[in-house]
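Just so it is clear: chains get the letters A, B, ... in the order the sequence lines come, proteins before strands, and each one is counted from 1.
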Amino acid sequence: MQKLKLVVVGNGMAGMKVVEELLKIGPDLYEITVFGAEPYPNYNRIMLSPVLAGEQKFEDIILNSLGWYEENGIRLHLGKKVLRIDRQRRIVEAEEGMEVEYDRLLLATGSSPFILPVPGRDLDGVIAYRDIQDTEKMIETAEKHRHAVVIGGGLLGLEAANGLRLRGMDVTVVHLASWLMERQLDRHAGKMLQCELEKRGLKFLLEKKTEALLGNEGRVCGVRFSDGGEIPADLVVMAVGIKPNTQLAESAGIHCNRGIVVDDTMQTFDPKIYAVGECVSHRGTSYGLVAPLFDMAKVCANHLAMMGIGRYAGSFTATKLKVTGIDLFSAGKFEGDEHSEEIVLNDVAGGVYKKITIRDGKIVGTVLYGDTVDGQWYFRMLKEGQDIGEIRGNLMFGQSHLGNAGHEGRVQASSMTDDMEVCGCNGVCKGTITKAIKEKGLFTLEEVRKHTKASSSCGSCTGLVEQILASELGGGYSPKTSAEKPLCACTEHTHADLRKAIREEKLLSIPEVMAFMNWKTQNGCSTCRPALNYYLISTWPHEAMDDPQSRFVNERVHANIQKDGTFSVVPRMYGGITNPEQLRRIADVADKYRVPMVKVTGGQRIDLLGVRREDLPAIWSDLDMPSGYAYGKSIRTVKTCVGTEFCRFGTQDSTGLGIMLEQAFDRMWAPHKVKMAVSGCPRNCAESTIKDVGIIGVESGWEIYVAGNGGIKAEVSQFLAKVKTKEEAMEYSGAFLQLYREEAYYLERTVHWIGRVGLDYARSRVAEDEENRRALYQRLLYALSGERDPWKSVVERERKPLFESLMVEA
Amino acid sequence: MENWIKVCELEDIPQLGARVVKGKSCEIALFREGDRIYALHDKCPHKGGPLSQGIVSKGRVTCPLHGMNIGLEDGRAISPDEGCTETFSVRIEEGAVYISL
Ligand code: SRM
Ligand SMILES: Cc1cc2nc3c(=O)[nH]c(=O)nc-3n(C[C@H](O)[C@H](O)[C@H](O)COP(=O)(O)OP(=O)(O)OC[C@H]3O[C@@H](n4cnc5c(N)ncnc54)[C@H](O)[C@@H]3O)c2cc1C
Ligand code: SF4
Ligand code: FES
């Protein structure tokens, strides 16, 4: 097949992101030609600020080296501006009369700094802050001259001013509004910022309108304001805004309205021409931060690759100033109005100010100064439109006061030194992460995980890694919510899309799902296959195919893999109850197969550790006990206390209910593991309050608690309902678990799922709606009916050979 | 000179699955993807995980212990991971699988 011709105008961050994505999903579709007006390969524009501040070098911020273009067969024309597009002949004309044909054209021309139309703007020493050239000019000027004036007290202006100050200049920031960064900060935070920057030696002139730039022999020497005042200046940096580069598109007759107008697929008015980046206007909005541009790029690449899925629906953006040592975060509509309310914390002495703006029980905006640890958390809730009713009282104190295991309870990345450990599982230090972000040009959590392994195991340090990303990338970092993330790199679809398609289209096998949902890879990967397998068997019990090769090893061999490749065997002891006969069998098995360790687990049962794979079927057969599912995303244990049977305080038969629950829900697959407990009185000896479903007996019945967690992040369970009888307790618990099975995403534990959908939702479906509760419970019982014990089926059927090795004589 | 040894029938290895061959000196994992069979030393370059127990896709296997991806063709870890595990030649003849040690 002949390749189509793709021409890209603009060799910047958005354009090259499209090309990178396209090479991933449709590497052979196009012959690609790129024009860039700047004489450099694609670099990380947002890192110009650290370069100016002397924290990084130009070489460090290159994102795609010249070699990269070559390796991918991309024709690159640097220092060549495209002057004209001939849409009839499908040709672009560049400088020096060069002409190139296209089948698809991508406009990624970015934007240009806005230059105030004042006399003197053409003088030498008057510049904007946009590219490497401007940055070099500033660095050069700082060596020879003294007075710098930055016009514009926004994000860009302040980063420029800070850099020039660090390079030894005497810097004055001139700003029209009455406080700094007025579009991102409220007055209070703006004033705190100004105060801090003044301490660092910057000067500010607020509410000043620039009237003229004064010159001397062609070079700027001063600035005059509308009130008649004048100050000296050897360098004037204009940072008063940007305007999308639309001239090229406009001259070709493509519809523009401040930006190049695109639809949700990033297509312009001419279907052969796409546009992304700062130059576009999408649903009336133009963006000036990289996170939304990257989202656009993904969608655009998908359509260029003719996959035809994916829509860009606009982005929420958040802001962070990249001035080392200043913590500031802003997102959404933080200025309240008559319909909203505010929660404010103002610690003047401590230099901390926080404001959260709320409307209809949801966060609509936030400004944080001095302590921005929870910025990403608030931002995520804002994007998800999460109801904050339940956590309102604790909102201001942040997500962190509960603490995470494994990094000394540390919650603030900025207070960590480079050699401190962020990821306790993989031993990754802060310095390694910042270095990788800078040197490898990483922008997302996934990329950091891939390159450093930080946050890729238990995930408890994710918050810290997100903070580090946010502080390195400024507003360029935008955390993805699980709802908007594709399941993995093999697909564009989210967990929710996939669950829906499997249900509505009645898809019954992994190949069917992959075909129907246009999978990009033939066999998927180790992320999507287990998830799809779970969605299939939970949605269509007894009908969908369970694919052992799409299960993790533990679920495939029904035992837990150990560090040396051996396995552990944990038989069920319903409710933690055993008897001499079982114990004798366990002891015999341990002797016979020389099991290296027999341990009582934290789940009230016994673990045989260090068993060879080949011995598993024989051990199961000798034990003749049911599998304890200690290896599965399934019911683990139901912990119980002694209850009324023996305990002097017991009010209910907790052991009995525990055994009933464990027997009834045994063999239940779930999105993640499920732990339960039943205590006989509020002393709660079975620790019901940190379980997925925890039940506490009281004189008048049973209290049911859900969505607790005792692992990585301890989380106390929440009250779901109170019932009178054991049967009701079974029905409520079962219905709750079935709702979780049907609606949560794979690998989401109950605590995270409830965190996403809200406890009120679960209550309304389980506790308040009797009919629905019954139906859920019936569906669970149907799914579990006829499920066989996995150990028994291996022992009785012909599946044994897979546990045995093949022997050869060499 | 290559010394081919018959180890099993093609059917003995499940689609997208693996079997382990115990040799005198080491254990070899045989992987199947479609009708292609690959043979690798059953030992992850990271911390020695049994690769045969991993999930197979896209010409690679994901180690069951810490999730490193190893290319089935060349035994090399997929970037950004690093490391390499030994590979062996495989031949399929009349539905039987042979390896060369
Ligand atoms: C055997 C046991 C430790 C012990 O010797 O007591 C154990 C062992 C493992 N736990 Fe656990 N956990 C054990 C009780 C617990 C408990 C306590 C409890 O259940 O009362 C917790 C905290 C409660 C909770 O889960 O909320 C616990 C929280 C975890 C976590 C963190 C889960 C979380 O969502 O935060 C993991 C990691 C995971 O599942 O992803 C984990 C994972 C593991 C794994 C499976 C790690 C792995 O993937 O290989 C360990 C298997 C060891 C092995 O080689 O066999 N284990 N683990 C306990 C088995 C109980 C049982 O009878 O089934
Ligand atoms: C100093 C600085 C700091 C920043 N800090 C942050 C931050 O912390 N966080 C954040 O998210 N964002 C930040 N930004 C903004 C971010 O860099 C931009 O949003 C992003 O680079 C825009 O990408 P783009 O591809 O749309 O445009 P650009 O990166 O500007 O790329 C467009 C390219 O097209 C070229 N071009 C234009 N017209 C033509 C033509 N006719 N022919 C050929 N080539 C052409 C231009 O020369 C340019 O190289 C910062 C910007 C600056 C300047
Ligand atoms: S048993 Fe649990 S706590 Fe202990 S090392 Fe394994 S995963 Fe960690
Ligand atoms: S042993 Fe294979 S990834 Fe660690």
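Between R613(A) and Q53(B), the closest heavy-atom pair is NH1-NE2, 3.1 Å.
For the atom pair Q549(A) CD and S57(B) OG, the distance stands at 12.0 Å (nearest 0.5 Å). In this structure, OG on S526(A) lies 5.5 Å from CG on N69(B), to the nearest 0.5 angstrom.
By the 4.0 Å N-to-carboxylate-O rule, D81(B) lies too far from K450(A) to be salt-bridged with it.
Only the side chain of T521(A) comes within less than 4.5 Å of a heavy atom in chain B; its backbone stays farther off. Heavy-atom distances place no part of E447(A) under 4.5 Å from chain B, backbone and side chain included. Only the side chain of C490(A) comes within contact range of chain B, with heavy atoms under 4.5 Å apart.
Screening residues 429-442 of chain A for side chain to side chain donor-acceptor pair (under 3.5 Å), with sequence neighbours left out, gives no hits.
At a heavy-atom cut-off of under 4.5 Å, chain A is reached by T62(B), P64(B), L65(B) from residues 61-68 of chain B, listed in order of number.
Atom CD of Q522(A) has 12 or fewer neighbouring heavy atoms from other residues, nucleotides or ligands inside a 6.0 Å radius. Atom CD of Q15(B) sits in a crowded spot, with more than 12 heavy atoms from other residues, nucleotides or ligands closer than 6.0 Å.
Residues forming a side chain to side chain contact (heavy atoms under 4.5 Å, CB included) with Q562(A) (at least two apart in sequence, or on another chain): N560(A), D564(A), T566(A), S568(A), L609(A). Not counting sequence neighbours, the partners of W669(A) by the ring-ring contact (aromatic ring centres under 6.0 Å, His included) test are Y629(A).
In this structure, R529(A) and L16(B) have side chains that are in contact, with non-hydrogen atoms separated by less than 4.5 Å.
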